[in-house]
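Taking it in order: structure first as structure tokens, then the write-up.
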Amino acid sequence: MNEKVYDVVVIGAGPVGQTAVSRCRAADLTVAVVERELVGGECSYWGCVPSKALLRPVLVLADARRVDGARQAATGAIDRQAVFGRRDRYVSGWDDSGQAAGVEAMGADLIRGHGRLDGVRRVAVATPAGDTVALLARHAVLISSGSGAAIPDLPGVAEVHPWTNRDGTDSSRVPARLAIVGGGGVAVEMATAWHGLGSAVALLVRSGVLTGMEPFVGEAVIGGLRESGVDVRTGVGIRRLRRTGESGEVTIDLDNGDVVEVDEVMFATGRRPLTDDMGLDTVGLAPGSWLETDDTLTVTGVEGDWLYAAGDANHRALLTHQGKYQARIAAEVIAARARSAAVDVGGWSRFVATADRFAVPQVFFTDPEVGSVGMTERQAREAGLPVSVVDIEIGEVVMGANLYADGYRGRARMVVDDSRGVPVGVTMVGPGIGEMLHSATIAVAGQVPIARLWHAVPCFPTVSELWLRLLEAYRDRREPTAG
Ligand SMILES: Cc1cc2nc3c(=O)[nH]c(=O)nc-3n(C[C@H](O)[C@H](O)[C@H](O)COP(=O)(O)OP(=O)(O)OC[C@H]3O[C@@H](n4cnc5c(N)ncnc54)[C@H](O)[C@@H]3O)c2cc1C
């Protein structure tokens, strides 16, 4: 069989794979990218993009209803068909020809089919036509195969044909009653979206909501969901599920004896790696595992520094922006090694994904919105940092917030490493907070000293003045007698 030879072979053309292609091409490396489904990946068609397209109208309405004068105008019901039409435009009707053309315009070869490792620097692609295309990478294979929905093995789960993030983002049918199982970001965003679109939503959570974040985040999100009418049940497990007939109602027996009856049930219970059929065994790795990497995104446990993994596939941070960051770094490393140049792994080197360890930003488009970057108080203390923690109630101390939304309700927390005088974590909850998070990301990732942040003056009257109040709260905490 003839092998096609490229400098780099990328498996998976989601946002992360495409970023790797673009950066490797910028370094003049020849690239083949293998995609078995849609170029653009989960993010473009069943993740970030359609979910935010569905959520935005819901949040705009909620925002309008918090402003006297606008509230009186925002009285009608949401136009579901218009919302679905907007979503369909953002996913290009699930047609990837635009993104495929974009990949080819980068100068890469797009090879449609299922890619598998086939030994060192080799990839075999099973094409839709039934052929196999053999690829040999001169320098690197980068796996950016993403993740899929993980559904727990509960009695009756397969028979009810549960929704996953895919149905939750591509459906144009609004179930009258929808149960969503899970307490993470996907679950709370989907509860917000589908409740806003008119479903009676029950959110079934085994432990808590957004438990990896500051405790006040989960409380605020649960409070917002309950106020809007979502039936949030925490601390409940599922004993079994059954559906009446092929498309009848779903009955969910909970372990506390309660029974929930709905038209559809969606599982948002985490993600699994898509590496069970990736040929990992041909290079000595366990099939079905997340691909563990070092900070240069080189897969550990494989000799020769030729195998890389970026994005969801490596499980470092399951977020598009963080995966794209890793892809940029991996491409730098691949290009340097291809030139036999030194790969400096110290300090702020462009060859190491340091931000994965201490400055990951994330936003949840719930009502209220949530934004966080860096460490929570608990994580900082567990890391042994001598920290001070300051909280503010945004609506009570920021005039601009009240002009933004009457009776603004929200909270911000800053965690400061006292030994260095730098913020190591910021969490914000409140309307419009998502667009503010990058200011915190710059402060945390840049390790900007508090003494310098005093000179970053937020405009009056914006919600950003919460920064002033956080700095004042920190100063007053540290120097109670200072004016
Ligand atoms: C509902 C939902 C909402 C989300 N919202 C956000 C958000 O707002 N912001 C955010 O940052 N993150 C969000 N995420 C997470 C985000 O979708 C992922 O972090 C992101 O998609 C990861 O990108 P990726 O390129 O690694 O993987 P993917 O986007 O999953 O792309 C991987 C690609 O690889 C292909 N592939 C897999 N195996 C093979 C193979 N063997 N051969 C060939 N091709 C293969 C797949 O078909 C796919 O196209 C959301 C996720 C969900 C589920």
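Everything numeric in this text was worked out from a predicted model, so none of it was measured. For ligands, and for the atoms within them, numbers begin at 1 and follow the listed sequence.
- Relative to the six-membered ring of W46, R166 meets both conditions, a distance below 6.0 Å and an angle of at most 45° to the axis.
- Note on R23 versus E332: no salt bridge recorded, every NZ/NE/NH1/NH2 to OD/OE distance being 4.0 Å or above.
- Near ligand 1, residues I11, G12, G14, P15, V16, V34, E35, R36, E37, L38, G41, E42, C43, W46, G47, C48, S51, K52, G113, H114, G115, S144, S145, G146, S147, N165, V186, R271, M278, G311, D312, L318, L319, T320, H321 come within 4.0 angstrom through at least one heavy atom.
- The only option from R378, R413, R411 that meets the salt bridge (Lys or Arg N to Asp or Glu O under 4.0 Å) definition with E214 turns out to be R413.
- Between D295 and R316, at least one side-chain nitrogen of the basic residue sits less than 4.0 Å from a carboxylate oxygen of the acidic one, meeting the salt-bridge criterion.
- Although no hydrogens or angles enter the test, the distance criterion places a donor-acceptor pair under 3.5 Å between the side chain of S51 and the main chain of G47.
- Counting only distance, with no hydrogens or angles, the side chain of T366 and the backbone of T192 share no donor-acceptor pair below 3.5 Å.
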